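Following: one structure in structure tokens, then a few remarks.
The analysis underlying the following values was restricted to heavy atoms, covering all of them including side chains, and did not include hydrogens, waters or symmetry mates. In this text, all values refer to a predicted model and were calculated from it rather than measured experimentally.
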Amino acid sequence: MRANPGTTTPTITPSTTTPTTAPAAGPSRGGRALGTLPRTALTALAPMVWGTTYVVTTELLPPGHPMFASLLRALPAGLIALAVTRTLPRGSWWGRAAVLGVLNIGLFLPLLFTAAERLPGGAAATLGAVQPMIVALLAVLVLRQRLSGRRLGWGLVGVVGVGLVVIGPSAALDAVGVAAGLGGAATMALGVTLTKRWGRPEGVSPLALTGWQLTAGGLFLLPTTFLFEGAPPAVDGRAALGYLWLGLVGGLLTYALWFQGIGSLPVTNVAVLGLLSPLVAAVLGALLLDQTLGPVQLLGFALALASIVAGQLPERRAGGRG
């Protein structure tokens, strides 16, 4: 086993991965906010890059092959990470990596692409925006945290904000697309929560953990893709460029940042950063696809950004000091 010497963030071992060990604890709320700002900013890059998925999917990739797109996004990037880190799971982490890979990659990505293809008008992004609320509930069941009414409330504000940004008056709702959108939000929420619960093995870098999950998810997708979609589509130069972007930048790099953030920040703080993805998608739509952002969309932006900022604030302890 070879450890990555660059992994110096507060690592949470599998036996101590509880929400109370997150670095958010400290004597001063202002100090905590400033102390976690760099890690939060790096983690936020992941959903911001994921916001490019919508325009890449519609403009570069061949339509009707969401599982093939997911496979190319996951498996090559995972194998590259394994080759670079030369680190394999040990013991119980073989099973844990498989579970996390299926939830975070193998199930989530096909559901994401399916919802993006079948729900015009950005409805898929709105359904995905419920993920922070699901994480807040799972944190109670899995991480034994107290139910936070404040986080649920701001999560609802975020969903409303994203809805105002991306759903137009003529948005169509497809039953399969709605089910895929909600299913993707649920699987990713569970994957994020379990990633926080199990943490990262001591001496294992975020890139290695990312490689395990991308490879596990890709191996899950390999037979199911050909079972459900048959032969792969023809890949031209535009499609190859799209797959490279989604795999290397939107997969390998961003997932490493995402999982590192989950390990060093409160899980509910990380989850609400996912609202940045549909906001970036809306901005790219306005810049590249001549879509308009009117007063209603700008109001939605303000609500969604307020939800993201509020989600980074620490919970107030009852009775002052806890």
query: Taking all non-hydrogen atoms of both residues, which atom of T53 and which atom of L246 are closest, and how far apart?
result: OG1-CD2, 3.9 Å

- line: Contacts of Y243 meeting ring-ring contact (aromatic ring centres under 6.0 Å, His included) (sequence neighbours excluded), chain-then-number -> F68

query: P110: what forms a side-chain contact (heavy atoms from CB on, under 4.5 Å) with it, not counting sequence neighbours?
result: M67, S70, L221

- prompt: Do R90 and W93 meet the cation-pi criteria used here (NZ or CZ under 6.0 Å from the six-membered ring centre, within 45° of the axis)?
  reply: no

- prompt: Does any donor atom in the side chain of T254 or W50 lie under 3.5 Å from an acceptor atom in the other side chain?
  reply: yes

message: Checking A216 now: which residues fulfil side-chain contact (heavy atoms from CB on, under 4.5 Å) with it, not counting sequence neighbours?
response: none

task: Please step through side-chain contact (heavy atoms from CB on, under 4.5 Å) for the pair M133 and V159, ending with a clear verdict.
output: CA-CA 9 Å; M133 301 177 67; V159 173; 4.0 Å; yes

Point-to-point distance, once rounded to the nearest 0.5 Å, from CG of N104 to CD of Q213: 5.0 Å

task: Give, for atom CZ of F259 and atom CG of L209, the distance between the pair rounded to the nearest 0.5 Å.
output: 6.5 Å

task: Look up atom CG in L75 and atom CG in L214, then write down how far apart they are to the nearest 0.5 Å.
output: 9.0 Å

message: Give me the atom names and distance for the closest heavy-atom approach of W258 to V270.
response: CH2-O, 3.3 Å

- prompt: Who are the side-chain contact (heavy atoms from CB on, under 4.5 Å) partners of L244, not counting sequence neighbours?
  reply: L248

Please list every donor-acceptor pair under 3.5 Å in which a side-chain atom of residues 272-287 meets a protein atom from a residue at least two apart or in another chain.
{"unit_1": "S277", "atom_1": "OG", "unit_2": "G51", "atom_2": "N", "d": "3.4"}

Atom pairs and distances, side-chain donor-acceptor, residues 183-190, under 3.5 Å, sequence neighbours left out:
{"unit_1": "T187", "atom_1": "OG1", "unit_2": "G183", "atom_2": "O", "d": "3.1"}
{"unit_1": "T187", "atom_1": "OG1", "unit_2": "G184", "atom_2": "O", "d": "3.0"}

